[in-house]
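Step one of this worksheet: look at the structure below.
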Amino acid sequence: MAVNYREFQKLNLPVIEQEMLAKWNENQAFEKSVSLRNDAPSFVFYEGPPSANGMPGIHHVISRTLKDLVCRYKTMRGFQVSRKAGWDTHGLPIELGVEKELGITKEDIGKKISVEEYNRKCREAVMRYKDKWDDITKKMGYWVDLNEPYITFENNYIETLWYLLSKMYEKGLLYESVSIQPYSPAAGTGLSSHELNQPGCYRNVKDTSAVAMFKAVKDEKSAFLFDAIKDQNKEVFFMAWTTTPWTLPSNLGLTVGGRINYVLVQTFNPYTHLPVNVVLAKDLLGKYFKPEAENTGFEEYKEGDKVLPWRILTEFKGAQIEGCQYEQLLPYEANSMESITALNPDAKPFRVLIGDFVTTEDGTGIVHTAPDFGADDFRVGSKYNIGGFSGINKYGKLEKLVLVDRTGKFVEGLGEFSNRYVKNYKDEKDYVDVNVDISVKLKKENRAFKVEKYEHNYPHCWRTDKPVLYYPLDAWFIKTTALKDRLVALNKTINWKPKSTGEGRFGNWLENMVDWNLSRSRFWGTALPVWKTEDGAEEKCIGSVPQLKEEAAKADKALGTNNARLMNDLDLHKPYVDEIVLVSESGKPMKRVPDLIDVWFDSGAMPYAQWGLDHEKLKAGDPMPFKEPFSKNFPASFIAEGVDQTRGWFYTLHAIAGLLFDSVAYQTCVSNGLVLDKTGNKMSKRLGNVVDPFKTIEQYGADATRWYLITNASPWENMKFDLEGIKEVQRKFFGTLYNTYQFFALYANVDGFAFKEAYIPLEQRPEIDRWILSSLNTLVKKVTEYMDDYEPTQAGRVIEEFMDEHLSNWYVRLCRRRFWKGEYEHDKICAYQTLYECLETVLKLMAPISPFFSDALFQNLNAVTGRHKVESIHHADFPVSNPAAVDASLEERMQLAQDSSSLVLSLRKRVNIKVRQPLQKVLIPVLNKHMKNQIELVEDLIKSEVNVKEIEYLTEDNGFIKKKIKPNYTVLGKKLGGKMKAVAAALAEFTQEDIAKLEKDGTISLQIDNEPLILQTNEVEITSEDIPGWMVANKDALTVALDVTVSPELVSEGNARELVNRIQKIRKDSGFELTDRILVKVTEHQELNQSIAQFNNYICAEILADKLELVPELPDGTEIEVNDIPIKVFVTKKA
RNA sequence: UGGCCUGUAGCUCAAUGAUUGGAGCAAGUGCCUUAUACGCACAAGGUUACCGGUUCGAGCCCGGUCAGGCCAACCA
């Protein structure tokens, strides 16, 4: 049965895509694309789980296009690529969404609504938009297994997380410590960074600020300071500024910048008027001293003088005072040395430290460091081990003590400040600011240099409107820093696209790594599987459900608890896990610590948790006891997400794999940029500039959208998204492809071409066929290289270029006649086979990027020829470049033909002679034998393309040609360097004889700066000069000249061609079939008669007329103009 | 505030350290067409964000500034 190639009515990508979707669904095309590769090597891909509690946006389409095209490409290259979808289901955004929906706050949870009920709401909310996500996934053509996704809230997922955490615990990588977090004493709760970023949280407030003076201790390190002092007052003070004087009793260090310049200044204390020597940053002298008072007035200075005399005694870098000691500023019982060393005998408080966070923007360039109340302070304090305070807790046990309690007031043991609130947290009417009192005390004691109200931006609790404190809270950490070097080393083995994300952004992040704070004090999330006795002395980390059940049963037996009731329908979430009581080694009850863990641990653990824990393997002691097919799916060959994931998913995947398994989690990581709106703004709901991916795909099709997203800019660049760009892709690329296919189908259906004939060897095909096939194979090679290098943008662009410039606008245009003229024989079959192969190959090349249309056309082609035994292009193999088909010389001369044609056409335009008007001659100066040979081989092509009768070659022999010479800068520059200019000048002086000599001998010797120099042909570029008296145009080494004289004979022929064109238009307007024979009558006209008579045969052949008659009158004829000559024609279809 | 990325025509993007910085889109004019989609040609459009440096030669390399973006922070 002869089956025809399907022809389309018009190009409607969305409709074609819907048909393909239905077909894929029906044939299980995705599942087959995986199962057909069952015995193939794996290419491992991990899907980063999106959160389904928000609508998908266009930016999701770009990263998913990237992921999909790589997976499809690798499948076509013969790998098996299984792709499991996943859902991120825990975390703050979900909780906040639910809180908003229910109109409650965090405080209400457990009061107005039970934790059980609240978590049930979260669980429901999480999958709210799952349908939409599934829908966009399918519509955009993202092939991923949606039927068996991993879901982070499921028990088996959480169990794997517990296993991983317990392994960390065993290795000593999971520990409890304090971290400095925003804390609201008024609300009695820690605040997340999210809460702190609520509008209105940062407010300008006026606080009492103080520059405190810390008295240096003289020792070896500080001796140089003391030596610089000339008079008898041998006291040195470090000046440090604070906007929170209440933190001064907690001071344990002073931090300076190692590279910052500091000075020791002799002056007077403005409050006590005592002579003092103070240290501060040189850049900040102006804040405290007036320039005119330098080096003057020391003798005259008296109490009450506004202007302080000052002089610089010495200058030094911060690094020089590292380790200097000073006297404690406000010593009391609670912050005594005893308190500091009780828990930490090695502590070295009251030292000068070096920190990279110190600036000279404000203050004194010396930072008062109280590790309990600042994250930077805490970090630098830990580094130098400056210690902390301790006291006796309510169990009578010695423990860490913070000098301000959780209600915001000083603890006992701080003298007159004990039990006073550090800010007015209780709205006391007669609240006396303790900060003022501290400042006053310092002033009196000669320990304050400047006390003033200072306005600054400070965070406030969004619920109580009270200032936030930075406060040390207990938290659980993963000790990533312990394996920092290993993580850095592993990162160097990852192939990052672009490189800068891996080396810069990610690499720097690893270099400056801090331990991973896992704790979250929320409700909906993975519970930290650590149980503790009340006194904190014993703890246990649970690593699996069976272990939990065993421990629970043990406790029921030992303590008489009723854990059993929770075990049947076990849910590893709050509040259920919190109700489980375990028993310690010593027989005490243990309760779970209240913390949940960072959701990023959830997603970073997906390589293992997506499969779940294999209890058999676990029992057998397998170090990687995860269910199959885990072993075939670790690590990932490839992942891709937005660059915003660098410190998110990319990091947590890397950290977990590196810490537990000493492996990378992924070998290649592509990070894509942001999608901005067309004016470059970030898309946000607030600005209303978000692009709805559903509408876009519905209107323009997923293929055009995907192609646009990939080819417009490299994935890692931020891209400005503009619907006009999709329209352009649709029109230009898909339109051209569609038309090329339609053209093929039109004639192949007429001739019944079905690729039944044997493949005609290349050497038996015409030059132009060999040329396009050579270009095609070159294209395949390039696309393969780009795809292997994760450069889909470049791949797409070369496909576009081939489709447009080579296949459609050169090959098909030049070969049109071969398809509709003549019998179905050798040349025609060559043309069909060639065009078919080009189409089929291009479709396969583009299939990963635009999977729908390529499959549709492929299936249409394959339905007739059956060349591939596959149901879908996505089951076929990717094309392999055949080097034997590539002929570089042929590609070069075709380029010459294209360039010459383009130049001749530009000349025609300049003199306004249309292409239908034949011209006699083109002159081409040829510089050498090779060039002449090349052009001769494509001479016929050029002649017909530009409608000229002959090409004449100008060589040196016929004396027409004049040559120009100039240096080849690239080659010569490397060799000569500074002599370039002299050589260029010398070449400018070259005569025709010099050039000829160089060409003949291959070398020529010059005198440059009185030194001999040998030049070779490849070190210069020789081009032709304009031809005197002719119209010329040139491009690179190619020059053409056109003979623009139009003889009467040429006019006559031009008229004939013009007439053909008009009649073809009439044929078309009349709706005749391509093969219809016609009869034509034309009215006589003096200027046309001769032409029609002379070219009668030619005209008839072109327009498929059996007869062309000249008649005097044609009342019913159509009026037309042939080169401004009015005539009438009458066309009838032959019966 | 820091780390990273980006800055080229009105717009979207090109340009191994090299001759005169190129395409497409948009706007204008003409041409070609048995594919009606495209294309070709002409003309126009540029202080390559700015300043300095290295180099015989810089859009490209180096330093700084400015602007936009992302991430992390906002601490004295």
Side-chain angles (χ1 to χ4, degrees), chain A residues 10-11 180 193 196 202 209 240-244 247 255 356-359 361-370 373-377 457-459 470 498 500-501 503-509 512 642-648 673-674 676 678 680-682 711-713 716-720 722 724-725 727-728 731-732 734-744 746 797 804-805 808-810 812-813 816-817 820 901-902 905-910 912-916 966-973 976-982 984 1021 1061 1064-1065 1067-1068 1072 1074 1102-1104:
Chain A
K10 62 174 220 182
L11 178 60
I180 311 301
S193 58
L196 225 50
Y202 277 85
S209 74
W241 178 65
T242 180
T243 54
T244 51
T247 59
T255 309
D356 55 9
F357 56 90
V358 181
T359 66
E361 298 286 310
D362 266 322
T364 62
I366 302 179
V367 177
H368 142 61
T369 302
F373 303 117
D376 284 333
D377 305 37
N457 211 357
Y458 197 82
Y470 288 84
S500 62
T501 302
E503 285 171 2
R505 197 184 263 228
F506 195 64
N508 289 342
W509 166 251
N512 300 315
V643 69
D644 53 342
Q645 292 295 329
T646 307
R647 288 160 186 197
L674 281 278
L676 311 171
K678 63 178 170 185
N681 294 311
K682 195 186 174 182
T711 57
N712 184 60
W716 34 88
E717 309 261 6
N718 287 348
M719 100 153 338
K720 292 179 190 167
D722 189 357
E724 288 301 316
K727 276 191 211 167
E728 191 183 324
R731 223 178 38 232
K732 218 174 127 149
F734 287 92
T736 305
L737 174 62
Y738 162 80
N739 277 294
T740 308
Y741 169 82
Q742 288 282 83
F743 174 85
F744 168 82
L746 182 66
R797 285 179 181 174
D804 224 49
E805 284 176 28
S808 172
N809 281 301
W810 194 250
V812 173
R813 203 155 55 84
R816 273 184 309 228
R817 282 171 171 265
W820 55 267
S901 303
S902 144
L905 292 174
S906 84
L907 290 174
R908 273 181 173 277
K909 164 68 192 173
R910 232 184 282 171
N912 268 323
I913 300 175
K914 62 172 104 176
V915 180
R916 267 197 299 273
K966 61 182 163 185
N968 181 334
Y969 283 89
T970 319
V971 177
L972 218 45
L976 296 179
K979 291 183 195 154
M980 275 302 295
K981 283 195 171 140
E1021 280 169 21
N1061 173 267
Q1064 295 290 21
K1065 198 167 161 50
R1067 274 188 70 111
K1068 188 167 193 89
F1072 295 165
L1074 291 179
E1102 288 295 310
I1103 62 176
L1104 292 187

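By convention in this document, chain letters (A, B, ...) are assigned in the order of the sequence lines, proteins followed by strands, and residues within each chain are numbered from 1.
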Pick base, sugar-phosphate or nothing for [X], based on heavy-atom distances below 4.0 Å to the nucleic acid.
X	answer
Arg816(A)	base
Thr369(A)	nothing
Thr736(A)	sugar-phosphate
Glu728(A)	sugar-phosphate

Ignoring the backbone of [X], work out which of [options] is nearest its side chain.
X	options	result
Asp804(A)	rC38(B), rC5(B), rA35(B)	rC38(B)
Asn712(A)	rA35(B), rC25(B), rC13(B)	rC13(B)
Arg731(A)	rC74(B), rC38(B), rA35(B)	rC38(B)

Wobble G-U and Watson-Crick pairs count when both distances are under 3.5 Å; given that, what is the 5' to 3' dot-bracket string of RNA chain B, with | for pairing to other strands?
(((((((..((((........))))..((((.......))))......(((((.......))))))))))))....

Whole angstrom is fine here: how far is it from [atom1] in [X] over to [atom2] in [N]?
X	N	atom1	atom2	result
Asn739(A)	rG39(B)	CG	C1'	12 Å
Leu737(A)	rC38(B)	CG	P	14 Å
Asp377(A)	rC75(B)	CG	P	11 Å
Asp722(A)	rA26(B)	CG	C1'	11 Å
Tyr738(A)	rA35(B)	OH	C1'	10 Å
Arg797(A)	rC13(B)	CZ	C1'	6 Å
Arg813(A)	rA37(B)	CZ	P	18 Å
Glu805(A)	rG22(B)	CD	P	16 Å

Let me know, please, whether Trp509(A) or Thr243(A) comes out on the 5' side of the other along RNA chain B by nearest nucleotide.
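Result: Trp509(A).
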
Of His368(A) and Gln742(A), whose closest RNA chain B nucleotide lies nearer the 5' terminus?
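Nearer the 5' end of the strand: Gln742(A).
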
Would you say the side-chain atoms of Arg813(A) pair up with the backbone N or O of Ser808(A), donor to acceptor, closer than 3.5 Å?
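Not at all, since once roles are kept as given, no pair shorter than 3.5 Å links the two residues.
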
Taking the same atom, [atom1], in [N] and in [M], what whole-Å distance lies between them?
N	M	atom1	value
rG28(B)	rA67(B)	C1'	34 Å
rG2(B)	rU16(B)	C1'	34 Å
rC42(B)	rG57(B)	P	35 Å
rU29(B)	rA44(B)	C1'	11 Å
rC75(B)	rC4(B)	P	24 Å
rC50(B)	rA58(B)	P	15 Å
rG7(B)	rC25(B)	P	23 Å
rA14(B)	rG52(B)	C1'	28 Å

Take Thr501(A) and Val643(A), measure what side-chain contact (heavy atoms from CB on, under 4.5 Å) needs, and give me the verdict at the end.
CA-CA 8 Å; Thr501(A) 302; Val643(A) 69; 4.2 Å; yes

Just how far is it from atom CG of Leu746(A) to atom CG of Asn739(A), taken to the nearest 0.5 Å?
11.0 Å

Do NZ/NE/NH1/NH2 and the carboxylate oxygens of Arg731(A) and Glu728(A) come within less than 4.0 Å?
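Here Arg731(A) does not pair with Glu728(A) in a salt bridge, since their nearest N and O are not under 4.0 Å apart.
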
Over all atoms of both residues, closest heavy-atom pair of [X] and [Y]:
X	Y	answer
Thr740(A)	Thr736(A)	OG1-O, 2.7 Å
Asp377(A)	His368(A)	OD2-O, 3.5 Å
Ala370(A)	Thr247(A)	CB-O, 3.8 Å
Tyr470(A)	Phe373(A)	O-CD2, 3.1 Å

Is Lys727(A) near enough to rC25(B) that one of its side-chain N or O atoms lies under 4.0 angstrom from OP1 or OP2?
no

Could you walk me through whether Ser209(A) and Thr243(A) pass the side-chain hydrogen bond (donor to acceptor under 3.5 Å, both in side chains) check?
CA-CA 4 Å; Ser209(A) 74; Thr243(A) 54; over 6 Å; no

